[in-house]
Amino acid sequence: MQFIGTKIDTIMTDYLKPIDTNWQPTDFLPDSTKPTFLEEVRDLREQAAALPYDYLAVLIGDTITEEALPTYEAWLMDVDGIDQTDQKGWSRWVRAWTAEENRHGDLLNKFLYLSGRVDMRAMETSTQYLIADGFDIQTGRDPYRNFVYTSFQELATNISHRRTATLAKQSGNNLLSQICGVIAADEMRHAKAYKSFVQEIMELDPNGMMLAFEDMMRKKIVMPAHFLRETGMKLGDTYSHFSDAAQRLGVYTVQDYIAIMQSLLKDWKIDAVTGLNDEAQKARDYVMALPARLARVAERTKTPELAYEFSWIA
């Protein structure tokens with residue numbers, strides 16, 4: 001973790017944007033201070049009326065996931081070796097990353113509220129449940145495993161938001177396409193940051209990093225909203241329905257999981273890492289063979305049919 005402190009200024013410049021010039025949610029939404037506000041809201045609602053059921057379900061699930069940000073910040077601040085009072089290293093990065101991520105849920109929430117398509121109380125209840133329930137992503141407090149997870153997860157959220165942007169544009173909703181697009185761009189910058197952390201560690205401690213990579217892939221990368229639920233439902237029950245909707249839409253699928261795995265193997269140059277001991281070499285063999293193994297499983301995976309009504313959708 002020491003390398004982050006020594007390079008923090010460069011990391012902040014490369015992967016985060018200055019607050020004063022960064023986009024804010026109000027840049028994309030009707031301005032309540034202008035006389036055209038109600039007209040703009042009517043236009044927003046008319047375009048939102050055409051959004052398909054599954055699309056709304058996925059957009060709401062993405063919003064709830066983004067709004068559970070307090071859980072993610074608390075988790076990242078609890079990584080081994082972190083001094084939360086240190087303003088020069090990891091804690092500085094986490095706070096700045098959190099500040100950028102905070103805009104995502106804020107923007108999506110406001111859009112959904114104005115759309116008139118969403119039972120906001122039901123959605124807000126699910127958000128509170130998700131924050132209260134927390135998550136278990138099986139990284140523990142180990143920074144190596146945490147960086148593998150964040151690298152993978154940021155790429156997954158980039159794909160999800162990028163696809164919802166494309167689908168919104170196809171339905172003629174240019175505003176929503178812009179909203180999902182700028183969020184996707186943030187997620188990609190953040191993914192590049194976490195991937196760079198792993199690359200740095202791979203050079204400093206290739207054996208430890210390779211074993212952590214293998215361990216996380218054996219456990220499988222679970223999404224941060226895997227405990228998602230609605231009122232009266234058990235922990236995680238709603239997540240499976242949300243995931244089904246995402247697969248039906250092609251927003252995030254088993255094939256995307258495999259593609260992310262392949263991209264990490266390539267970006268981290270796993271096949272070319274040197275200095276591995278026998279245990280780490282076996283770990284490399286496992287992760288290198290994993291995409292092909294997952295592809296064989298994916299061939300037998302069927303896309304679930306629509307069979308669930310979300311309490312979130314009005």
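In what follows, every heavy atom counts, from backbone to side chain, and hydrogens, waters and symmetry copies are set aside. Residue numbers start at 1 and run along the sequence shown.
Judged by distance alone, the side chain of Arg284 and the main-chain N or O of Met210 form no donor-acceptor pair under 3.5 Å. Between the side chain of Thr127 and the backbone N or O of Met123, at least one donor-acceptor pair lies under 3.5 Å. Checked by atom type and distance alone, the side chain of Trp93 never pairs as donor or acceptor with a backbone atom of Ile8 at under 3.5 Å. Between the side chain of Asn207 and the main chain of Asn277, a donor-acceptor pair closer than 3.5 Å is present. Looking at Thr139, its side chain never comes within 3.5 Å of a backbone N or O of Asn146 through a donor-acceptor pair. Checking side-chain atoms of Gln281 against main-chain N and O of Leu276 turns up no donor-acceptor pair under 3.5 Å. Between the side chain of Tyr257 and the main chain of Tyr252, no donor-acceptor pair closer than 3.5 Å is present. No donor-acceptor pair closer than 3.5 Å links the side chain of Lys195 to the backbone N or O of Asp267. Between the side chain of Arg229 and the backbone N or O of Gly236, no donor-acceptor pair lies under 3.5 Å. Arg45 contributes no side-chain N or O that, together with a main-chain N or O of Arg42, makes up a donor-acceptor pair within less than 3.5 Å.
In this structure, CZ in Arg117 is found 10.5 Å from CG in Leu112, a value given to the nearest 0.5 Å. Here CD of Glu187 is found 3.5 Å from OG1 of Thr157. Values are rounded to the nearest 0.5 Å. In this structure, the separation between CG on Leu294 and CE on Met217 is 7.0 Å, given to the nearest 0.5 Å. Going from atom CZ of Arg95 over to atom CG of Asn102 covers 14.5 Å, rounded to the nearest 0.5 Å.
Just one of Phe213, Trp90, Trp268 meets the ring-ring contact (aromatic ring centres under 6.0 Å, His included) condition when paired with Phe147; it is Trp90. Exactly one of Asp256, Thr253, Asn158 qualifies for a side-chain hydrogen bond (donor to acceptor under 3.5 Å, both in side chains) with Arg163. That residue is Asp256.
The existence of a salt bridge linking Asp278 and Lys282 is excluded, since no basic side-chain nitrogen approaches an acidic carboxylate oxygen closer than 4.0 Å.
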Applying salt bridge (charged side-chain N to carboxylate O under 4.0 Å, His left out), run through Lys34 and Glu40 and close with a yes or a no. CA-CA 10 Å; Lys34 293 183 178 179; Glu40 292 175 13; 5.8 Å; no
Going through the checks in order, is the side-chain contact (heavy atoms from CB on, under 4.5 Å) test met by Cys180 and Leu59? CA-CA 9 Å; Cys180 295; Leu59 192 65; 4.1 Å; yes
Step by step, work out the side chain to side chain donor-acceptor pair (under 3.5 Å) result for Trp23 and Gln178. CA-CA 12 Å; Trp23 67 264; Gln178 289 179 330; over 6 Å; no
Quick one, Ser160 with Asp62, criterion side chain to side chain donor-acceptor pair (under 3.5 Å). Give me CA distance, side-chain angles, the key distance, then yes/no. CA-CA 8 Å; Ser160 179; Asp62 284 349; 3.1 Å; yes
Between Tyr308 and Phe310, is a ring-ring contact (aromatic ring centres under 6.0 Å, His included) present by the stated rule, with each step listed? CA-CA 6 Å; Tyr308 181 77; Phe310 293 89; 4.8 Å; yes
Chi angles and distances behind the side chain to side chain donor-acceptor pair (under 3.5 Å) call for His161, Glu66: CA-CA 11 Å; His161 289 302; Glu66 295 285 356; 2.8 Å; yes
For a side chain to side chain donor-acceptor pair (under 3.5 Å) check, start with the C-alpha distance between His190 and Glu101, then their side-chain angles and the critical distance, and finish with the verdict. CA-CA 9 Å; His190 299 163; Glu101 288 280 338; 2.8 Å; yes
Take Ile64 and Phe242, measure what side-chain contact (heavy atoms from CB on, under 4.5 Å) needs, and give me the verdict at the end. CA-CA 11 Å; Ile64 294 170; Phe242 163 65; over 6 Å; no
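Hydrophobic clustering places Met216 together with Ile201 (ILVMFWY residues linked when any side-chain heavy atoms are closer than 4.5 Å, directly or through intermediates). Linking Ile, Leu, Val, Met, Phe, Trp and Tyr residues whenever their side-chain heavy atoms come within less than 4.5 Å places Ile183 and Leu44 in a single cluster. Both Leu264 and Met202 are assigned to one and the same hydrophobic cluster, defined by single-linkage of ILVMFWY side chains at heavy-atom distances under 4.5 Å.
Under the 6.0 Å cut-off for aromatic ring centres, Tyr194 and Phe152 do not qualify, their centroids lying 6.0 Å or more apart.
Between Trp75 and Tyr149, the ring planes are perpendicular. Angles over 60° get that label, and only those under 30° would be called parallel.
Counting only residues at least two apart or in different chains, ring-ring contact (aromatic ring centres under 6.0 Å, His included) contacts with residues 36-74 comprise Tyr72-Phe135.
Taking all atoms of both residues into account, the shortest heavy-atom contact from Asn174 to Gln47 is N-OE1, 3.8 Å. Looking at every heavy atom in both residues, Gln153 comes nearest to Val222 through OE1-O, 4.3 Å.
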